[in-house]
Amino acid sequence: MGRDGEEERRGPAADPGLWQRVVEQVGTAVAVVDPAGRIVVVNPAAERLLGRPEAAMYGQDLHDLCHRDPGGARIPHERCPLLRALAEGRAACGDDDRCLRGDGRLIPVSWSATPLTEGGLPSGMVVLIVEAGTRRRAGREGAERAERVERGEQAARAARTSALEDLTERLTLVAEITDVLGQTLEVDEALARLSRLLVPRLADWAAVDLRVGSRQVYRVAVTGPGGRDAGQEDWRGHLPPAGEGVRSPLVQVLSGGDPVLRDRSCVDVPPDSPLAAVHSAFLRATGAASVITVPLGTREHVTGALTLVRTDPARPFDDGDVEVVGDIGRRVGPVIDNARRFGRQRAVAEAMQRNLLPPLPPHGRVQLAARYQPAPAGSQVGGDWYDAFTLRDGTLALVIGDVLGHDLTAAAGMAQLQGILRALAWDRTGPTGAVVDRLDDAMQAITSVPMASLVLARLEGPHAPGTGPWTLHWTSAGHPPPLLLTPDGNARYLEAGQGLVLGTHLGVAGHRPSATRALPPGSTLLLYTDGLVEVPGSDLGTELARLRRHALALAHEPLDTLCDRLSARMPPGSTDDIALLALRLPVTRTAGEP
């Protein structure tokens with residue numbers, strides 16, 4: 001039952017093999033429709049009931065194909081309760097309806113419909129259809145017979161609803177796990193999310209074992225029900241070796257075997273290896289009555305094993321559960337592999353980033369401090385940098401920058417820009433904007449960096465000891481403004497000197513502005529990257545005000561303490577790395593200082 005012009009979608013029926021294996025276990029007619037009401041799949045019982053082969057029904061509008069009124073005429077869409085339920089994403093049922101069979105015969109039916117979701121969005125509906133049985137005939141049958149018929153119908157409806165709910169729950173669980181695991185690149189977080197979805201919805205206990213190297217096995221996660229004995233979750237860490245010729249289901253699965261379903265009698269079988277002994281002890285400690293063990297990954301590439309436990313003998317796992325858990329294991333394996341590869345890349349990028357950041361030069365009594373803070377777990381690193389170096393005329397150059405991207409490529413690009421900028425600024429005493437413009441021109445010719453932001457500043461001291469203020473010259477290429485803290489207790493952002501980001505290639509038609517400001521003795525200047533003030537979903541003005549208040553509260557702290565506290569207090573929800581460069585001027589200047 002559908003609507004013209006809507007984009008065709010297929011919901012959790014995206015795996016035909018899983019649908020065929022699970023749906024065919026339901027003995028009554030089942031039809032699955034997409035959000036537009038078109039038939040995605042039907043089971044053999046539906047083919048028999050509707051008198052039509054699956055090939056003839058696939059892609060057809062279920063409402064237009066067979067939904068009829070008592071006289072056999074088509075029912076307008078706006079009067080169809082099933083269509084309304086589909087549009088509103090809610091369950092519905094009908095006990096007095098009719099369907100038109102392929103042979104032209106009109107049959108009375110009852111139906112139950114339950115919506116399907118994928119990633120929180122509607123993806124269709126499962127419709128369970130049965131031919132209506134003999135109804136009570138008023139005046140022709142006694143009250144006792146009518147009551148028996150009614151009880152039988154209620155029981156049948158309850159059984160159909162239970163079967164449909166179980167089917168929907170299994171399919172929804174697989175869809176949720178696929179969606180949730182795709183949102184993280186951290187192994188521990190992925191397994192924690194998996195456990196929260198499996199316990200207690202599908203099992204009472206869950207254990208995950210990962211292969212480490214060619215022969216080592218590590219138990220990385222054990223999760224039990226609420227109110228559990230926490231001591232039973234201590235079965236974590238390196239497991240003993242499996243040994244040769246072992247028949248233990250865990251060992252067989254880790255070696256590429258098929259999923260295994262066991263009952264309590266199998267759990268009590270004496271173990272045949274140290275690894276099997278540890279696993280059996282875990283199962284006994286949890287009171288396992290039914291156990292499923294499936295591989296994580298494929299037969300050709302097994303990442304580990306997932307073990308699920310039920311403790312109630314009246315609710316054992318069945319073959320349908322094995323199919324569902326096996327499908328989950330196939331989906332989890334690649335997620336873990338991707339997370340491991342990401343972790344290795346992140347470690348290399350972070351080490352490269354730290355090694356490329358330069359030591360800060362001495363500059364008289366001017367204090368300098370800098371920090372680099374990697375992004376939180378689950379995010380990539382690379383691209384943010386700071387620099388400070390003495391120019392040919394003895395003045396001090398300061399740089400803070402951020403290359404587009406957060407990976408090894410960005411870290412390498414950062415190193416290229418750092419070297420080029422040092423060379424361009426070394427012997428130039430003109431406006432800082434001219435240096436940044438030359439860097440923009442050179443960037444496209446001799447680097448692979450597509451875009452970057454930065455602040456280039458030059459600090460000039462007073463012409464004579466104790467006379468006049470220090471002078472800051474700077475240009476910003478699309479970067480957050482520097483923050484100036486003065487001894488009188490004020491804090492302000494230096495918003496002048498703003499120009500376009502690097503990568504825009506202004507050429508001869510334009511140039512970036514330069515700005516100049518006198519800095520009183522004892523001032524503190526903060527240069528930082530956007531990870532300190534930008535959070536997805538948060539207002540930039542709010543975060544800038546937060547940084548200003550926090551920095552002002554720390555203005556009288558030693559410079560290293562100020563940097564430590566600012567870099568450690570990343571905004572909640574931040575997914576970016578941070579570079580921070582701080583400068584503090586002396587209160588007075590003595591003779592002979594640069």
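Just so it is clear, the values below take in all heavy atoms, side chains as well, and ignore hydrogens, waters and symmetry mates.
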Chemist: For L368 and L398, which heavy atoms make the closest approach, and how far apart are they?
Modeler: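 Distance-wise, the nearest heavy atoms are CD2-CD2, 4.0 Å.
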Chemist: Taking T447 for its side chain and M443 for its backbone only, find out whether a donor-acceptor pair lies under 3.5 Å.
Modeler: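 Flag set: sc T447 to bb M443 pair under 3.5 Å.
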Chemist: Kindly determine whether L540 and D530 satisfy side-chain contact (heavy atoms from CB on, under 4.5 Å), including the steps that lead there.
Modeler: CA-CA 10 Å; L540 178 59; D530 56 9; over 6 Å; no
Chemist: Using the test side-chain contact (heavy atoms from CB on, under 4.5 Å), find all partners of Q444 that sit at least two apart in sequence or belong to another chain.
Modeler: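 Residues passing side-chain contact (heavy atoms from CB on, under 4.5 Å) with Q444: H505.
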Chemist: Under a 3.5 Å distance rule, please check whether Y493 uses its side chain to pair with a backbone N or O of L544 as donor and acceptor.
Modeler: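 Judged by distance alone, yes, a pair lies under 3.5 Å.
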Chemist: Can you give me the closest heavy-atom contact between I400 and L580, atom names plus distance?
Modeler: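 Closest heavy-atom pair between I400 and L580: CD1-N, 4.2 Å.
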Chemist: With rounding to the nearest 0.5 angstrom, report the CZ to CZ distance, R548 to R492.
Modeler: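 Rounded to the nearest 0.5 Å, the CZ-CZ separation comes to 8.5 Å.
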Chemist: Begin from the C-alpha positions of D204 and T286 and carry the test side-chain contact (heavy atoms from CB on, under 4.5 Å) through to its verdict.
Modeler: CA-CA 9 Å; D204 299 313; T286 60; over 6 Å; no
Chemist: For T542, which residues count as a side-chain contact (heavy atoms from CB on, under 4.5 Å) partner, sequence neighbours excluded?
Modeler: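 Expected list: D539.
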Chemist: Kindly say whether A579 contributes a backbone atom to a donor-acceptor pair with the side chain of T529 at under 3.5 angstrom?
Modeler: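 Side chain of T529 to backbone of A579, a donor-acceptor pair under 3.5 Å: yes, one is there.
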Chemist: Nearest 0.5 Å, what's the CD-CD1 distance between E534 and I578?
Modeler: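 Rounded to the nearest 0.5 Å, the CD-CD1 separation comes to 11.0 Å.
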Chemist: May I ask you to test the L494-L525 pair for a side-chain heavy-atom distance under 4.5 Å?
Modeler: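 Sidechains of L525 and L494: in contact.
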Chemist: Report the distance from atom CH2 of W426 to atom CG of L391, rounding to the nearest 0.5 Å.
Modeler: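 Output value for this atom pair is 7.5 Å.
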Chemist: Using side-chain heavy atoms (C-beta onward) and a distance below 4.5 Å, is V294 in contact with V253?
Modeler: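 When only atoms from C-beta onward are counted, V253 and V294 do not touch, as no gap falls below 4.5 Å.
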Chemist: Search all heavy atoms of R211 against all heavy atoms of L254 and return the closest pair with its distance.
Modeler: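 Answer, listing the atom of R211 first, then L254: NH1-O, 3.2 Å.
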Chemist: Return the minimal non-hydrogen interatomic distance between P35 and P122, and the atom names on each side.
Modeler: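 Smallest heavy-atom distance, with atoms named: CG-O, 3.9 Å.
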Chemist: To the nearest 0.5 angstrom, please state how far the CG atom of D402 sits from the OH atom of Y386.
Modeler: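 Between D402 CG and Y386 OH, I get 15.0 Å after rounding to 0.5 Å.
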Chemist: Calculate, to the nearest 0.5 Å, the distance between atoms CG and CG belonging to L439 and L454 respectively.
Modeler: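 One gets 6.0 Å once the value is rounded to the nearest 0.5 Å.
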Chemist: Report yes if the side chains of T307 and W205 come closer than 4.5 Å at any heavy-atom pair, otherwise no.
Modeler: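 Counting from C-beta outward, T307 and W205 never come under 4.5 Å.
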Chemist: For A491 versus L485, what's the shortest heavy-atom pair and its separation?
Modeler: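 That closest heavy-atom pairing would be CB-CD2, 3.4 Å.
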Chemist: Distance-only, no hydrogens or angles: does the S476 side chain make a donor-acceptor pair with backbone N or O of G497 under 3.5 Å?
Modeler: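 Checked: no pair found.
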Chemist: With rounding to the nearest 0.5 Å, note down the distance linking CG in L519 to OG1 in T486.
Modeler: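 If I round to the nearest 0.5 Å, the distance is 10.0 Å.
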Chemist: Looking just at side-chain N and O atoms, do D393 and T429 make a donor-acceptor pair shorter than 3.5 Å?
Modeler: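 No donor-acceptor contact under 3.5 Å links the two side chains.
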Chemist: Over 60° means perpendicular and under 30° means parallel, so classify the ring planes of Y528 and H479, tilted if in between.
Modeler: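 H479 and Y528: tilted rings.
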Chemist: If you define the side chain from C-beta out and look only at heavy atoms, does anything of V208 sit under 4.5 Å from L296?
Modeler: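 They are in side-chain contact.
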Chemist: Given R517 and L484, is the side-chain contact (heavy atoms from CB on, under 4.5 Å) satisfied, shown in steps?
Modeler: CA-CA 10 Å; R517 185 182 183 89; L484 177 64; 3.7 Å; yes
Chemist: Just wondering, do D384 and M414 contact through their side chains at under 4.5 Å, heavy atoms?
Modeler: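 Side-chain contact under 4.5 Å: no.
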Chemist: In the structure I gave you, are the side-chain heavy atoms of P586 and V366 within less than 4.5 Å of one another anywhere?
Modeler: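 Answer yes - side chains close enough.
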Chemist: Under the criterion salt bridge (Lys or Arg N to Asp or Glu O under 4.0 Å), I'd like the reasoning laid out for D327 against R330: C-alpha separation, chi angles, the key distance, then a yes or no.
Modeler: CA-CA 5 Å; D327 186 56; R330 288 188 291 273; 3.6 Å; yes
Chemist: Of all residues at least two apart in sequence or in a different chain, which pass the salt bridge (charged side-chain N to carboxylate O under 4.0 Å, His left out) check with D560?
Modeler: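 Residues passing salt bridge (charged side-chain N to carboxylate O under 4.0 Å, His left out) with D560: R371.
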Chemist: Of all the heavy-atom pairs spanning W474 and A496, show the shortest one and how long it is.
Modeler: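 Minimum heavy-atom contact is NE1-O, 3.0 Å.
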Chemist: Would you check if there is a donor-acceptor pair between the side chains of R565 and H550 at a distance under 3.5 Å?
Modeler: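 Absent: no donor and acceptor within the cut-off.
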Chemist: For a side-chain contact (heavy atoms from CB on, under 4.5 Å) check, start with the C-alpha distance between L306 and V325, then their side-chain angles and the critical distance, and finish with the verdict.
Modeler: CA-CA 9 Å; L306 169 64; V325 179; 4.1 Å; yes
Chemist: For a 4.5 angstrom cut-off between non-hydrogen side-chain atoms, does V501 reach L404?
Modeler: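 When only atoms from C-beta onward are counted, L404 and V501 do not touch, as no gap falls below 4.5 Å.
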Chemist: With R512, which of T432, T504, T475 fulfils side-chain hydrogen bond (donor to acceptor under 3.5 Å, both in side chains)?
Modeler: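 Single pass found, and it is T504.
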Chemist: Take Y372 and D577 through the test side-chain hydrogen bond (donor to acceptor under 3.5 Å, both in side chains) and record every step on the way to the result.
Modeler: CA-CA 8 Å; Y372 172 72; D577 46 354; 2.9 Å; yes
Chemist: Can you find a heavy atom in the side chain of L250 that is under 4.5 Å from one in the side chain of V217?
Modeler: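 Sidechains of V217 and L250: no contact.
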Chemist: Where the side chain of R546 meets the backbone of V533, is there a donor-acceptor pair that is under 3.5 Å apart?
Modeler: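 Not at all, since once roles are kept as given, no pair shorter than 3.5 Å links the two residues.
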